[in-house]
Number of protein chains: 2
Amino acid sequence: MLSHNTYLTRAQSNAGILQRQEPVVYEAEQSVRPAVLSQPQRDAYRENGFLLLPELFSQEEVQGLFTEMQHMRKEFAHAGRAEVIAEPGSGEVRSIFNVHRLNSLFSRLVRDPRVLNVARDILGSEVYIHQSRINYKPGFQGKEFYWHSDFETWHSEDGMPAMRALSCSILLTDNNEHNGPLMLIPGSHRHFISCQGETPEENYKKSLKKQEIGVPDEVLLRYLADLGGITSCKGKAGSVVFFDCNTMHGSNGNISPYPRSNVFFVYNSIDNQLGAPRDGLKPRPEYIAAREDVEALTPQAL
Amino acid sequence: MLSHNTYLTRAQSNAGILQRQEPVVYEAEQSVRPAVLSQPQRDAYRENGFLLLPELFSQEEVQGLFTEMQHMRKEFAHAGRAEVIAEPGSGEVRSIFNVHRLNSLFSRLVRDPRVLNVARDILGSEVYIHQSRINYKPGFQGKEFYWHSDFETWHSEDGMPAMRALSCSILLTDNNEHNGPLMLIPGSHRHFISCQGETPEENYKKSLKKQEIGVPDEVLLRYLADLGGITSCKGKAGSVVFFDCNTMHGSNGNISPYPRSNVFFVYNSIDNQLGAPRDGLKPRPEYIAAREDVEALTPQAL
């Protein structure tokens, strides 16, 4: 286990760049059978910090998931639920959190071997869901999401000890260069960018709309992009992108007429469960960062 | 000459779609010699409403233009000049207007035969500059520019009689899928999208930052994009895109570390000079819409 202070961030004076300490692809424990990825896929993930698997889900499955997502959107739009995040400006539904607990279809989806076994394979252990959400990113007025490392937030605000988690984004609409696809900086997962500024209490209430704390320095972002370039995750609906918890990513806005929707899970190693947040912060709500009833997921076809 | 009322727009009740009345590529008058475009290029422009000519200017020329642009940016940043438009939010310089009159290099650039003769060829007449500007679109925080037809504004607010003008954008940085390139809807120039809402006086003071009047309806935008698709103008610095005054276009924001800068001229046919603005509006300032000392440009190498 890493020391809690390996990755200092959000002190007033320490914007900087640190080397990653942990592996990217973990050696599998005995109990975790599947090596579902090929060696070139594992190597690519280790090298780039992400992997795009085209059309892992069929168009029929995508249709079912998309319909369910639209139902949830209608159901939750005016229900005053904390799990619903609105678009800045328009007030449209931007995201709904905790969908793997709120909805039986998404609850089954996180257990589907096509995604779950990739997470177990890369993280080399049993895994559980740290966070889940659906993102709508509507057409015409979908807003940008600025560059960030998820781990920087999860480490600070959730007390996630180590870089042993990954995100899995299942595309529910076609993603193309015009509708604000996820952009990743290959290789950025090898560097921890510490950020300036102290975290205020209940920062998540603002940061899920627009992040203002935990924002990486422009000079360092430019450095990472000059080193590794930028890759946009374009693909047909049903494609899946897996990316390391420390891969720098963001997305431009979307004025195209076409929404850019996805469902998004964070798998965390069962050996990497949350501790206390940094700097005496109160833990974030359960629907953003799971602490209760955490147990390893068992693969089960959708 | 078209009737002044051919393209009704900005009345309260008339969002709608009208067929274009004018040609796209005009037959050349006797006095205008050059057919500088090939027949396939003319056909593509007529069909799509735009034409991208890769690397029309050399890297050395681009370097000179880019340096001049940076000089202007510094010189004008805090000069309180009306020609300077700030980014919404950050207050950084977004655009400087009227550069063909304010700066001798840009004054020569508009006369360069590589661009001027294309304009004369397409518009089939002598031409002059209706508007010019440099656009910086900085990295990290460049904001989107929503879909619009330039002609819709120029017809309403400047009294431009007919669709016989084109824009010429010279890329001064590489434009790629990540830094918010110009997006065009092929074929959209054949349809006039009239917009709802009346124009307030001095609308340009807001609209150059963020357009709120003359905004096309979402259903019609979707219709145009479903018909024609969307094309991003990607290319090396020095490439030039020419597009019809009525081609629907816009751009997403730019969170990438790389600026997306260009210099932008509007060539208007000398036979299409401005009349009175619609609805009794006051003419916009000379630096946005030229009325004084208008004369045909003579080609002269940069």
Side-chain angles (χ1 to χ4, degrees), chain A residues 87-90 92 137-148 173-186 188 193 210-212 215-235 248-260, chain B residues 87-90 92 137-148 173-186 188 193 210-212 215-235 248-260:
Chain A
E87 285 280 328
S90 72
E92 275 201 74
K137 196 149 193 168
F140 300 113
Q141 49 191 344
K143 289 289 171 252
E144 74 277 5
F145 214 109
Y146 197 69
W147 300 108
H148 63 287
T173 59
D174 293 353
N175 278 223
N176 59 49
E177 61 180 309
H178 307 123
N179 65 355
L182 178 68
M183 298 191 290
L184 301 144
I185 300 185
S188 58
I193 305 295
K210 188 172 190 316
Q211 196 159 355
E212 289 174 359
V215 174
D217 181 83
E218 290 187 359
V219 171
L220 296 175
L221 278 175
R222 169 82 193 234
Y223 173 72
L224 293 177
D226 283 350
L227 273 180
I230 297 173
T231 299
S232 289
C233 282
K234 293 166 289 184
M248 195 63 76
H249 63 285
S251 60
N252 281 319
N254 177 22
I255 67 161
S256 93
Y258 309 108
R260 202 271 288 175
Chain B
E87 284 280 327
S90 72
E92 275 200 74
K137 196 149 190 168
F140 300 113
Q141 48 192 345
K143 288 289 173 252
E144 76 276 5
F145 214 109
Y146 197 68
W147 299 108
H148 63 287
T173 59
D174 293 352
N175 278 223
N176 58 50
E177 62 180 309
H178 308 122
N179 64 356
L182 177 69
M183 298 191 291
L184 300 144
I185 300 183
S188 58
I193 305 295
K210 189 173 192 311
Q211 195 160 356
E212 288 174 358
V215 174
D217 181 83
E218 292 188 358
V219 171
L220 296 175
L221 278 174
R222 170 82 193 236
Y223 173 73
L224 293 178
D226 283 350
L227 273 180
I230 297 173
T231 299
S232 289
C233 282
K234 292 166 291 185
M248 195 62 76
H249 63 286
S251 61
N252 280 318
N254 176 22
I255 68 161
S256 93
Y258 309 108
R260 203 270 287 175

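Chain A is the first sequence line, chain B the second, and so forth, proteins listed ahead of strands; every chain is numbered from 1.
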**Prompt:** For B:Asp217, which residues count as a salt bridge (charged side-chain N to carboxylate O under 4.0 Å, His left out) partner, sequence neighbours excluded?
**Reply:** none
**Exercise: identify the closest heavy-atom pair between B:Leu224 and B:Ile185** = O-CG2, 3.5 Å
**Any donor-acceptor N/O pair, B:Trp147 side chain to A:Ile255 backbone, under 3.5 Å** = yes
**Contact class of A:Tyr258 relative to chain B, heavy atoms under 4.5 angstrom** = side chain
**Complete:** Bottom line for B:Ser251: the part with an atom under 4.5 Å from chain A's heavy atoms is backbone
**Message:** Shorter than 4.5 Å, heavy atoms on both sides: which option in B:His178, B:Met183, B:Lys234 has the most such pairs with chain A?
**Reply:** B:His178
**Request:** Please name all residues satisfying side chain to side chain donor-acceptor pair (under 3.5 Å) with A:Thr231, sequence neighbours left out, ordered by chain then number.
**Result:** none
**Request:** Let me know if B:Glu218 has heavy atoms under 4.5 Å from chain A in its side chain, its backbone, both or neither.
**Result:** both
**Item:** Interchain contact, A:Asn176 with chain B, by part (heavy-atom threshold 4.5 Å)
**Value:** neither
**Message:** Please identify, among B:Pro181, B:Gly139, B:Ser232, the residue contributing the most non-hydrogen atom pairs under 4.5 Å to chain A.
**Reply:** B:Ser232
**A:Tyr146 to A:His148 - nearest heavy-atom pair and separation** = O-ND1, 2.9 Å
